[in-house]
Every structure is written in C-alpha cells, then in structure tokens.
Amino acid sequence: MFRLETEVDKGRRDLLRRRLRDTNTAASPVLRALRGTPQERESPLHVWASDPAGELAGGLVGHTWTTWLHVTYLWVDERHRGAGLGTLLLTEAERLATARGCRSSRVETWDFQAPKFYRRHGYEVVCVIPDYPPGITEYTLTKRLA
C-alpha cells in the first residue's frame, strides 16, 4: 500500500532529482561520460543589444550544454523590429555556441511569436503541441550549426 502526498517538498524534490540523475547516468554511457567534466554543466550564453541612448533594444538569453545551444528567450523592442536585430542576436549566439563546440541549436516558441523567424534562419519544426496553453500552439525547432 502506498500513501500519496501532494504538498510541495523541496527536500524530496532534490532527492528525486538526484535519484533520477543517478538512474539516467547508470543507463546512458553518454551521460556517464559527462559526469565530472566541465561539459556536465550548462554554460549561460547571453547577447544584448543597446540602442544609441543605451537602452535595451533586444537580447537573447540561453545556455550551451554538451553540443547544444538552447535559446531560452529572444526579444526585440517593438521600435526596433523589422530592422534585422533579431537576426543579429541569433547569429551572434549561434557563432558563440559554435565556438564552444555546439553543433545544434533548439528553441521553443508559440505560434504568435516567431516560428516563421526561426524557419527563415534554418530551424526545422520537430514538435508541435496544440492548445499549450489553450488556444495557442507551441513549437520546438532545431537547427544543425556545423
């Protein structure tokens, strides 16, 4: 017989994460080889653009891990959209990621955000989740960098 509980418990969450990590490490030679190396951890990758007044015009926040760039956020101020700033930010992030040894990139975006932008830059849709959240479609896109 099992007792189920639903309260938030950070201690058990951390224990669960460690146990899952140990299980994954034991099951995967790739993950096992990463343990204890610098490549085991995510490395932040940020690219910022300022306008002539020094205000934030746009930015990209992501990280690299193993041979992947993960674009978490890419935003361009409405006043600067259509001027190629998004392309500059993404291109610079991909350049930096390639210099770190990345061979691929991934991003998640919603249908009203930028799936067409990423497709124009060589990304391919690998996952579509309709109604996530309700009324919106989420896309996961990837691209080979090298």
Side-chain angles (χ1 to χ4, degrees), residues 4 6 8-10 12-146:
L4 300 179
T6 59
V8 173
D9 184 326
K10 292 179 182 178
R12 285 195 272 189
R13 178 204 62 200
D14 293 344
L15 175 61
L16 184 76
R17 186 181 320 165
R18 282 192 305 274
R19 288 184 177 175
L20 180 60
R21 181 177 183 248
D22 291 347
T23 300
N24 292 345
T25 299
S28 169
V30 172
L31 293 176
R32 197 166 35 254
L34 285 172
R35 298 301 176 232
T37 70
Q39 293 79 23
E40 178 180 23
R41 301 228 179 266
E42 296 173 353
S43 295
L45 190 149
H46 296 184
V47 183
W48 306 106
S50 300
D51 66 17
E55 297 295 319
L56 181 64
L60 182 148
V61 171
H63 66 269
T64 56
W65 181 68
T66 65
T67 60
W68 281 82
L69 164 63
H70 186 178
V71 176
T72 308
Y73 310 120
L74 192 158
W75 174 83
V76 173
D77 186 280
E78 191 173 345
R79 295 170 295 164
H80 303 292
R81 292 182 188 157
L85 182 53
T87 297
L88 289 173
L89 292 165
L90 183 60
T91 301
E92 179 64 5
E94 290 174 351
R95 184 189 71 74
L96 292 169
T98 300
R100 293 182 184 185
C102 291
R103 296 188 302 253
S104 301
S105 179
R106 67 175 282 183
V107 63
E108 295 84 25
T109 190
W110 285 321
D111 55 5
F112 65 87
Q113 289 178 318
K116 291 178 186 175
F117 169 82
Y118 291 107
R119 284 186 186 129
R120 282 195 313 270
H121 290 87
Y123 285 74
E124 297 178 4
V125 174
V126 296
C127 179
V128 177
I129 306 174
D131 251 7
Y132 184 76
I136 296 173
T137 299
E138 181 181 272
Y139 294 88
T140 300
L141 300 97
T142 63
K143 175 182 176 179
R144 296 292 295 169
L145 298 176

Trainee: Which value, rounded to the nearest 0.5 Å, describes the distance between Leu96 atom CG and Glu94 atom CD?
Mentor: 10.5 Å

Trainee: Is Leu74 close to Phe117 at the side-chain level, that is, under 4.5 Å between some pair of heavy atoms?
Mentor: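 They are in side-chain contact.
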
Trainee: To check you understand the geometry: which heavy-atom pair defines the closest contact between Ala57 and His80, and what is its length?
Mentor: CB-CD2, 3.5 Å

Trainee: About how many Å separate OG1 of Thr142 and OH of Tyr123, when rounded to the nearest 0.5 Å?
Mentor: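 These two atoms lie 9.0 Å from each other.
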
Trainee: For Ala114 and Thr109, work out which heavy atoms get closest and say how close.
Mentor: N-OG1, 3.2 Å

Trainee: Within a reach of under 6.0 Å around CH2 of Trp48, are more than 12 heavy atoms found that belong to other residues, nucleotides or ligands?
Mentor: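 Check passes, neighbour count above 12.
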
Trainee: Between Glu55 and Asp77, is a side-chain contact (heavy atoms from CB on, under 4.5 Å) present by the stated rule, with each step listed?
Mentor: CA-CA 10 Å; Glu55 297 295 319; Asp77 186 280; over 6 Å; no

Trainee: How about Pro115 and Val125: do any of their side-chain heavy atoms sit closer than 4.5 Å?
Mentor: no

Trainee: Tell me the closest heavy-atom pair linking Thr37 and Ala33, and the distance in Å.
Mentor: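 Result for this residue pair: CG2-O, 3.5 Å.
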
Trainee: Between Ala27 and Pro29, what is the shortest heavy-atom contact and its length?
Mentor: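 Result for this residue pair: O-CD, 3.7 Å.
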
Trainee: If you measure from CG on Leu34 to OG on Ser28, what distance do you get to the nearest 0.5 Å?
Mentor: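 Spacing of CG (Leu34) from OG (Ser28) equals 8.0 Å.
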
Trainee: Between Thr91 and Leu88, is any pair of side-chain heavy atoms under 4.5 Å apart?
Mentor: no

Trainee: Quick one, Leu90 with Leu60, criterion side-chain contact (heavy atoms from CB on, under 4.5 Å). Give me CA distance, side-chain angles, the key distance, then yes/no.
Mentor: CA-CA 7 Å; Leu90 183 60; Leu60 182 148; 4.2 Å; yes

Trainee: Determine whether the side chains of Arg144 and Ser104 contain a donor N or O and an acceptor N or O closer than 3.5 Å.
Mentor: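 Yes - a donor-acceptor pair under 3.5 Å links their side chains.
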
Trainee: Would you find a donor on one side and an acceptor on the other, under 3.5 Å apart, between the side chain of Arg103 and the backbone of Leu145?
Mentor: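 Not confirmed, Arg103 side chain does not pair with Leu145 backbone.
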
Trainee: Identify the two heavy atoms, one from Asp111 and one from Gly135, that lie closest to each other, and give their separation to 0.1 Å.
Mentor: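 So the two residues come closest at OD2-O, 4.5 Å.
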
Trainee: Are the aromatic rings of Trp65 and His63 close, with centres under 6.0 Å apart?
Mentor: no

Trainee: What distance separates Lys10 NZ from Asp14 CG, expressed to the nearest 0.5 Å?
Mentor: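 It comes to 9.0 Å.
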
Trainee: Is there a side-chain contact between Arg119 and Tyr139 in this structure, where contact means two heavy atoms from C-beta onward sitting under 4.5 Å apart?
Mentor: yes

Trainee: Do any N or O atoms from the side chain of Thr64 and from the backbone of Ala97 form a donor-acceptor pair under 3.5 angstrom?
Mentor: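 Side chain of Thr64 to backbone of Ala97: no pair is present.
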
Trainee: Got a second to check how far Arg35's CZ is from Asn24's CG, nearest 0.5 Å?
Mentor: 7.5 Å

Trainee: Does the gap between the ring centers of Trp75 and Tyr73 come in under 6.0 Å?
Mentor: no

Trainee: Does CZ in Arg41 sit with more than 12 non-hydrogen atoms of other residues, nucleotides or ligands closer than 6.0 Å?
Mentor: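 No, because the 6.0 Å sphere around CZ of Arg41 holds 12 heavy atoms or fewer from other groups.
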
Trainee: Quick check: are there more than 12 heavy atoms from other residues, nucleotides or ligands sitting under 6.0 Å from CZ of Arg100?
Mentor: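 Buried by this count: over 12 neighbours within 6.0 Å.
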
Trainee: May I ask you to decide if Thr140's main-chain N or O and Arg106's side chain share a donor-acceptor pair within less than 3.5 Å?
Mentor: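 No, Arg106 side chain to Thr140 backbone: no donor-acceptor pair under 3.5 Å.
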
Trainee: OG1/Thr66 to CG/Leu69 distance, rounded to the nearest 0.5 angstrom?
Mentor: 11.0 Å

Trainee: Identify the two heavy atoms, one from Asp51 and one from Arg79, that lie closest to each other, and give their separation to 0.1 Å.
Mentor: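 Closest pair (atom of Asp51, atom of Arg79, distance): OD2-NH2, 4.3 Å.
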
